[in-house]
Engineer: 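Okay, here's the structure, questions in a sec.
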Amino acid sequence: MWRFAPTSDNSAEGVPFFVGCAAAGTSKEYHIRRKADPKDPSIANTLTCTWDVSISRKHASIIVRHDEATQPTLELVDQGSKFGTFIVENGRFEKVKSRVLRNGDTIRFGKLATKYIIREICLMDSMCDPSTKAEIANYCKTFGIRQIIAAAVPPDNQVTHLIMAKLQVTAKASMALCKQCHIVTPAWLHAAVNGCKAGILYESPTFSTASFLPEIVDEFDSDKTAIRWNPQEYRKHLFVHKRILFFTQKQLDKWKVILAYAGGVAELVDVTKRTPPAPNPNHIYVRTTATRDKNVLKYQKSVSKLLQKQQMRLIPDTDIPKAIVFASTEKYCSPEYKYASYRESQGMSQTYTLPSLNISEMSEQSMAPHATRGVPQSPVADSLQGAATNILPTTKDPSALPSRQSASMEHNPSSSIEHLASTDASPLPHQQQTPTAPAATPVSLGAVDSARAAGSKSVQVPETPPGNVVSTAEGTDSIIVVESPDSSINLSKKESSARREDVRSSTNALSQGTPT
């Protein structure tokens, strides 16, 4: 059985068609004509090319001969056409009168673009029960259909169709996908044989490989409806520039041919080396568990540790057919996928993209002039900021401050407490908040004198927490006492006497109405 497929540059209106299926010891003839006579009894075996005016009424014939001792042959014979029949020889079309066609030949009828590529149908079965296998073998023997019977995938095979009762991703199914073969049910063979026996069998929606796709029984962790089971050209380049390294000869023999059809190179790991080579993303190590060789297991462990240091991994051999089915090595057969799986589970792309910055949604805290949001300040800056906070008075009334300080703030508004409070932004979340100080507590001069008489150099205020400011109210016999977080501010004898004299002078002046 042969399939004639129009070439990619064919401007004709032709569709693929099948010929063949002559019983042993018989022959069958097909005709290529521009017009067909409806009364002609051989019209079922006639290819009518009404779109090409360069084709004669009786242009050529295709004869199928099936001897019992040999495989069927396909012969092309020109019937004295005006513009001739051609076959590609050495890269150019050569005019022929008669020629036995071979698999892969390209022929042209006339001088225009009615060109076809010839493919001989070659079958292989997988995952079929014994009765189905026997039926397929009987059809192939009776009608001379080429069949390959092998437990494993043979090298350099010419398989065009893989027959499976139910679709499972086996080694043969992986080979069929990489080799652009069709995967069909046994019912396709019945329909093809019966159609070719009746005449030329044209591909149509009712007779296409898509309508004979087996039931998919394998479970996938991705959407299996997105899988394209028909032949895809890009699967031939799936493993280009990649080396797939196996630890055992059995694994290598199983996948070597299949990976070659996908553009990859399969090799056996040399376990006699003392240290594994440096990891490479294009070098894929396939883990093995079906071995008891201690040297192999030890070397595999060394490779695994070396890959983990580079955030890579050994892949299981089940990743190979999955990568072929989904036609992608981003997830399956990717040594780096394990470490990117978390980002994919969160719906993030493997290529990290910085989030966009929306200025309108930024809070006023993030726009503080003294710090950048999310960047902690140095310990020195934090300590200086804390010291400045401790010495600032809690009251905003300038009249409650000493006269010199009030006067300086009147002349320099930028140093006022209101200005500081308005320009200083709220502390950031990572900075420590300073508690608000309670109201100031007056301290009488008697308490100071008593402390000096007792030999103490400082005055403690138990009610006021460390770090707060105690102010002086006007017209009272009290002073300002400031305490630091670590220790009280010490007052020498000279400073204490000077302060008492200033307070007494201020009190007398207020009682007499004299300005200070």
Side-chain angles (χ1 to χ4, degrees), residues 1-8 10 12-21 30 44-48 103 116-129 131-140 142-148 157-170 172-220 222-236 321 324-327:
M1 185 188 299
W2 290 265
R3 180 178 183 265
F4 286 66
T7 60
S8 58
N10 194 344
E13 301 176 5
V15 297
F17 62 91
F18 294 85
V19 297
C21 292
Y30 300 89
N45 296 340
T46 302
L47 175 65
T48 306
N103 186 37
Y116 293 90
I117 297 179
I118 304 170
R119 297 292 183 190
E120 185 178 6
I121 302 302
C122 183
L123 305 180
M124 177 182 283
D125 61 81
S126 176
M127 305 301 293
C128 294
D129 56 79
S131 60
T132 304
K133 287 178 178 289
E135 188 176 3
I136 294 172
N138 184 44
Y139 268 106
C140 292
T142 302
F143 298 101
I145 302 174
R146 189 177 297 275
Q147 182 187 16
I148 294 178
N157 64 78
Q158 301 296 327
V159 176
T160 59
H161 292 72
L162 178 66
I163 299 178
M164 302 183 73
K166 292 186 178 181
L167 204 162
Q168 293 178 278
V169 185
T170 60
K172 291 183 179 180
S174 302
M175 178 274 301
L177 293 173
C178 292
K179 204 174 178 296
Q180 288 82 59
C181 299
H182 299 272
I183 303 177
V184 295
T185 60
W188 177 88
L189 181 58
H190 300 302
V193 169
N194 294 332
C196 288
K197 287 169 63 177
I200 294 179
L201 177 62
Y202 295 94
E203 283 192 1
S204 62
T206 57
F207 181 76
S208 63
T209 54
S211 58
F212 290 95
L213 183 68
E215 178 188 357
I216 303 171
V217 296
D218 275 349
E219 294 294 333
F220 302 101
S222 301
D223 184 14
K224 63 182 180 182
T225 60
I227 302 174
R228 296 183 179 181
W229 298 102
N230 57 325
Q232 300 294 328
E233 186 73 17
Y234 52 78
R235 283 195 174 102
K236 293 171 61 177
I324 294 172
V325 166
F326 290 99

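Side chains included, hydrogens not; waters and symmetry mates left out as well; all remaining heavy atoms used. Everything numeric here is computed off the predicted structure, so don't read it as measured data.
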Engineer: Do L162 and V184 have side chains that approach each other closer than 4.5 Å (heavy atoms only, starting at C-beta)?
Structural biologist: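 The answer is no; the side chains never approach within 4.5 Å.
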Engineer: How many angstroms lie between atom CG of N194 and atom CZ of F207, to the nearest 0.5 angstrom?
Structural biologist: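 Atom-to-atom, N194:CG and F207:CZ are 10.0 Å apart.
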Engineer: Using the ring of each side chain (for Trp, its six-membered ring), is H182 parallel, tilted or perpendicular to H161, with breaks at 30° and 60°?
Structural biologist: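 Correct class here is parallel.
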Engineer: Output all residues satisfying salt bridge (charged side-chain N to carboxylate O under 4.0 Å, His left out) with K197, sequence neighbours left out; order by chain, then residue number.
Structural biologist: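 With sequence neighbours excluded, K197 shows a salt bridge (charged side-chain N to carboxylate O under 4.0 Å, His left out) to no residue whatsoever.
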Engineer: Do K172 and M124 come within less than 4.5 Å of each other through their side chains, counting heavy atoms only?
Structural biologist: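 A side-chain contact under 4.5 Å exists here.
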Engineer: Who passes side-chain contact (heavy atoms from CB on, under 4.5 Å) against P214, sequence neighbours left out?
Structural biologist: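 P214 satisfies side-chain contact (heavy atoms from CB on, under 4.5 Å) with M164, L167, I183, T185 only.
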Engineer: If the condition is side chain to side chain donor-acceptor pair (under 3.5 Å), which residues does S204 pass it with, not counting sequence neighbours?
Structural biologist: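 T206.
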Engineer: Which one of Y139, F212, F143 satisfies the ring-ring contact (aromatic ring centres under 6.0 Å, His included) criterion with H190?
Structural biologist: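 Exactly one candidate clears the test, Y139.
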Engineer: Would you name the heavy atoms of S208 and S211 that are closest together and state the gap between them?
Structural biologist: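 Scanning both residues, the minimum pair turns out to be O-OG, 2.7 Å.
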Engineer: Quick one: closest heavy-atom pair of W229 and L177, and the distance?
Structural biologist: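 Looking at all heavy atoms of both residues, the closest pair is O-CD2, 3.7 Å.
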Engineer: Measuring from atom OG1 of T209 to atom CD of E203, what distance do you get when rounded to the nearest 0.5 angstrom?
Structural biologist: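 Taking OG1 in T209 and CD in E203, the distance rounds to 7.0 Å.
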Engineer: Minimum heavy-atom separation for A173 and V169, please, with both atom names.
Structural biologist: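 Distance-wise, the nearest heavy atoms are CB-CA, 4.2 Å.
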Engineer: Below 4.5 Å, heavy atoms only, C-beta onward: do K236 and Q180 meet side chain to side chain?
Structural biologist: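 They are in contact (side-chain heavy atoms under 4.5 Å apart), so the answer is yes.
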Engineer: Once you round to the nearest 0.5 Å, how far does CZ of F17 lie from CG of L201?
Structural biologist: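 Spacing of CZ (F17) from CG (L201) equals 10.5 Å.
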Engineer: Students often mix this up, so state it plainly: with edges at 30° and 60°, are the rings of Y116 and F4 parallel, tilted or perpendicular?
Structural biologist: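 Because their plane-to-plane angle is over 60°, the rings of Y116 and F4 count as perpendicular.
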Engineer: To the nearest 0.5 Å, how far apart are SG in C140 and CD in E135?
Structural biologist: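 Those atoms lie 11.0 Å apart.
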Engineer: Where is the tightest heavy-atom contact between R235 and N230, given as atom of each residue plus distance?
Structural biologist: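 That closest heavy-atom pairing would be NH1-O, 3.7 Å.
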Engineer: Of the non-hydrogen atoms in C196 and Y30, which two are nearest, and what is the gap between them?
Structural biologist: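 Smallest interatomic distance, heavy atoms only, reads O-OH, 3.8 Å.
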Engineer: At what distance, to the nearest 0.5 angstrom, does OG1 of T170 lie from CE of M127?
Structural biologist: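 So the OG1 of T170 and the CE of M127 are separated by 6.5 Å.
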Engineer: Nearest 0.5 Å, what's the CD1-NZ distance between I163 and K133?
Structural biologist: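 I163 CD1 to K133 NZ: 10.0 Å, rounded to 0.5 Å.
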Engineer: Is any side-chain heavy atom of Q147 less than 4.5 Å from a side-chain heavy atom of D125?
Structural biologist: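 In contact.
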Engineer: Do P16 and P6 have side-chain heavy atoms sitting under 4.5 Å apart?
Structural biologist: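 Result yes, sub-4.5 Å side-chain heavy-atom pair found.
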Engineer: I need the minimum non-hydrogen distance between I121 and I145, along with the two atoms involved.
Structural biologist: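 Result for this residue pair: O-CG2, 4.2 Å.
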